[in-house]
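Below is one structure, written out as structure tokens, with a few remarks after it.
Worth knowing before you read on, the calculation uses all heavy atoms, side chains too, and leaves out hydrogens, waters and symmetry mates.
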Amino acid sequence: MSWVDQLQMASFRDVTFQVDSIDVSAGDNVVLREYPFQDLPTVFRMGEAAEEIKFSAYVIGDDYIDQRERLRAVLTGEGVLVHPTAGSMRVFVAGKFTIKENPTAEGGMARFDLTFVRAETRRYPAGVVSTPQESFRKGELAKQASADAFASAFDLTGKPGWVADRMVARITDSVAGVWGQIKSVTAGVTDFSNTIIGNYQALRDGLNSLVRQPRLLADSLRNLFALPSDLSAASARDFMAAFEGLFDVSSKVTQRDFEVSVMPAVGAGLVMYGTGNADVLGLSTPARAQLDALTTASDQLIESLAVASWVQAASVAELTSYDDALALRAALNAQCTRLLLRASTAAASDGLPDSAWHDAMLALLTAGLRDIQERSRDMTRLQSFTPQAWMPVWYVSYRLFGTAAYADEILAMNPHITHPLLVPPGKALRVMRHD
């Protein structure tokens with residue numbers, strides 16, 4: 001292809017014009033120093049100079065006035081210039097420009113003397129948010145807000161003795177469930193494992209007194225959801241799996257048999273305690289409502305701590321594919337949405353927490369989703385397709401995506417296709433997913 005065939009129509013911000021001549025000024029800025037009794041000067045290179053591009057441009061035709069005004073309207077600020085031989089580039093209009101018209105000698109034409117300065121990369125780096133660090137920070141804030149919410153909602157003062165007993169049993173079972181999930185993943189980190197074991201033993205041994213001090217109880221539970229300072233990407237996945245096992249602790253910690261009752265069939269015997277619906281017997285008493293509220297508060301604390309630690313671990317874990325990122329985003333969104341919906345239907349606590357749990361969980365969700373999205377932005381989802389007969393590449397694109405627009409992409413990713421009309425059968429194609 002000759003250079004004539006490669007010429008492009010000059011334009012700025014999609015407004016075209018004709019070109020007579022082009023001058024480009026480029027090079028380095030230098031400082032020259034000459035000294036007495038020294039034959040050669042000293043030259044200091046001060047960096048690359050601004051590249052100036054000067055056009056002798058014109059618009060011509062019966063509608064040249066309209067063309068002139070369109071071009072004049074865009075000649076300010078920054079934009080994309082199409083250079084006839086160098087292609088597209090981002091430039092700034094360098095100050096004033098001159099328009100020349102000679103209606104008697106050159107009717108129907110206006111000339112422009114234009115100067116552009118090629119836009120440089122930013123001299124100083126622009127600050128960006130580290131999404132993994134932001135996720136970790138929002139996780140800490142969510143943990144603190146969860147502890148605050150628990151401390152304001154959990155109060156055994158004035159509650160019946162049996163309610164306190166049931167809550168001690170409930171929290172004991174919940175703590176055992178938490179430990180059952182995390183003890184295996186912490187075993188490989190000696191110092192960290194010793195610390196976690198100590199925290200668990202202190203919590204377990206002091207639980208009977210801690211239930212009367214909800215702030216200390218929340219902080220003790222929070223200690224079980226700590227992460228190692230040197231958490232690796234591989235270990236992060238194990239911690240995520242452990243925390244995800246606590247996302248619905250309310251369904252995994254069974255209720256005591258005497259917390260609900262059984263309505264036997266008519267003539268089958270007396271009403272006994274066991275699994276059943278207490279509402280059928282009219283046993284939804286104020287005391288049971290208090291027990292439900294306390295149970296909800298303890299479950300919310302554990303599940304909120306679990307999702308906060310999950311987000312923190314996810315900020316360290318390596319994403320294996322775009323589908324993996326989508327699965328993580330779906331899991332995080334589902335858990336946070338479930339917690340927020342459940343909290344929105346619960347009665348407000350009598351105490352006023354020090355921080356807003358709802359806002360902290362929303363911020364955690366936003367930061368976690370953003371982190372996963374940013375780190376998966378450059379990942380490509382691939383699929384395979386094996387033709388069963390000779391077919392054109394356009395048909396492959398249409399069959400997979402409902403449009404022939406991805407034919408060139410399929411050709412580029414499958415160099416074994418020697419002719420676009422003849423995609424060979426029996427050999428799998430590597431194809432990007434566009435769903």
Side-chain angles (χ1 to χ4, degrees), residues 1-35 39-128 393-394 397 403-409 411-412 420-421 434:
M1 182 182 295
S2 69
W3 67 272
V4 176
D5 297 324
Q6 299 181 49
L7 286 176
Q8 302 183 55
M9 185 67 180
S11 66
F12 180 66
R13 290 185 181 170
D14 297 326
V15 178
T16 59
F17 53 87
Q18 310 297 324
V19 174
D20 267 346
S21 61
I22 307 170
D23 295 326
V24 177
S25 176
D28 293 340
N29 284 319
V30 298
V31 175
L32 185 66
R33 291 286 186 267
E34 295 182 293
Y35 302 96
D39 295 334
L40 295 176
T42 301
V43 180
F44 299 93
R45 181 180 181 276
M46 307 302 290
E48 188 175 353
E51 181 177 341
E52 290 188 351
I53 304 162
K54 297 181 180 180
F55 282 99
S56 177
Y58 63 92
V59 292
I60 187 170
D62 294 338
D63 61 341
Y64 90 95
I65 294 178
D66 294 334
Q67 296 182 53
R68 180 195 66 194
E69 293 307 310
R70 285 198 301 270
L71 181 57
R72 181 174 181 175
V74 299
L75 289 174
T76 181
E78 183 182 9
V80 175
L81 170 70
V82 176
H83 191 287
T85 59
S88 298
M89 61 185 72
R90 186 162 291 276
V91 298
F92 290 94
V93 178
K96 296 181 179 180
F97 53 88
T98 303
I99 305 175
K100 299 178 181 178
E101 295 184 63
N102 191 346
T104 57
E106 296 179 338
M109 182 172 68
R111 294 183 178 274
F112 288 75
D113 291 330
L114 305 176
T115 302
F116 301 95
V117 176
R118 194 161 188 167
E120 61 179 7
T121 57
R122 293 190 180 275
R123 188 178 301 271
Y124 302 103
V128 296
V393 68
W394 296 277
S397 175
T403 174
Y406 299 107
D408 291 340
E409 178 185 279
L411 283 174
L421 291 176
H434 294 282

For side-chain contact (heavy atoms from CB on, under 4.5 Å), just list the numbers for I53 and M89, CA-CA rounded to whole Å, side-chain angles, deciding distance to a tenth of an Å, and then say yes or no.
-> CA-CA 11 Å; I53 304 162; M89 61 185 72; 3.2 Å; yes
Please step through side-chain hydrogen bond (donor to acceptor under 3.5 Å, both in side chains) for the pair Y58 and E106, ending with a clear verdict.
-> CA-CA 11 Å; Y58 63 92; E106 296 179 338; over 6 Å; no
E51 and V24: CA distance, side-chain angles, deciding distance, side-chain contact (heavy atoms from CB on, under 4.5 Å) verdict = CA-CA 7 Å; E51 181 177 341; V24 177; 3.7 Å; yes
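Using modelled atom types, one side-chain atom of Q67 and one backbone atom of I60 make a donor-acceptor pair closer than 3.5 Å. A donor-acceptor contact shorter than 3.5 Å links the side chain of S397 to the backbone of T403.
For the atom pair CG (L114) and CD1 (I22), the distance works out to 11.5 Å, reported to the nearest 0.5 Å. For the atom pair CZ of R70 and CG of L75, the computed distance is 13.0 Å after rounding to the nearest 0.5 Å. In this structure, E101 CD and R68 CZ are separated by 4.5 Å, a value rounded to the nearest 0.5 Å. The CD atom of E52 sits 6.5 Å away from the OG1 atom of T115 when rounded to the nearest 0.5 Å.
For the residue pair A407 and W394, the shortest heavy atom distance occurs at CB-CD1, 3.4 Å. Closest approach of V43 and L32 over heavy atoms only: CG2-CD1, 3.6 Å. Between E48 and N29 the shortest heavy-atom distance is O-ND2, 4.2 Å. The shortest non-hydrogen separation linking L81 to S11 is CD1-O, 3.2 Å.
Listed by first and then second residue, the salt bridge (Lys or Arg N to Asp or Glu O under 4.0 Å) pairs involving residues 13-27 are D20-R111 (not counting sequence neighbours). Applying the ring pair (Phe, Tyr, Trp, His ring centres under 6.0 Å) rule to pairs touching residues 8-30 yields F12-F116, F17-F55, sequence neighbours excluded.
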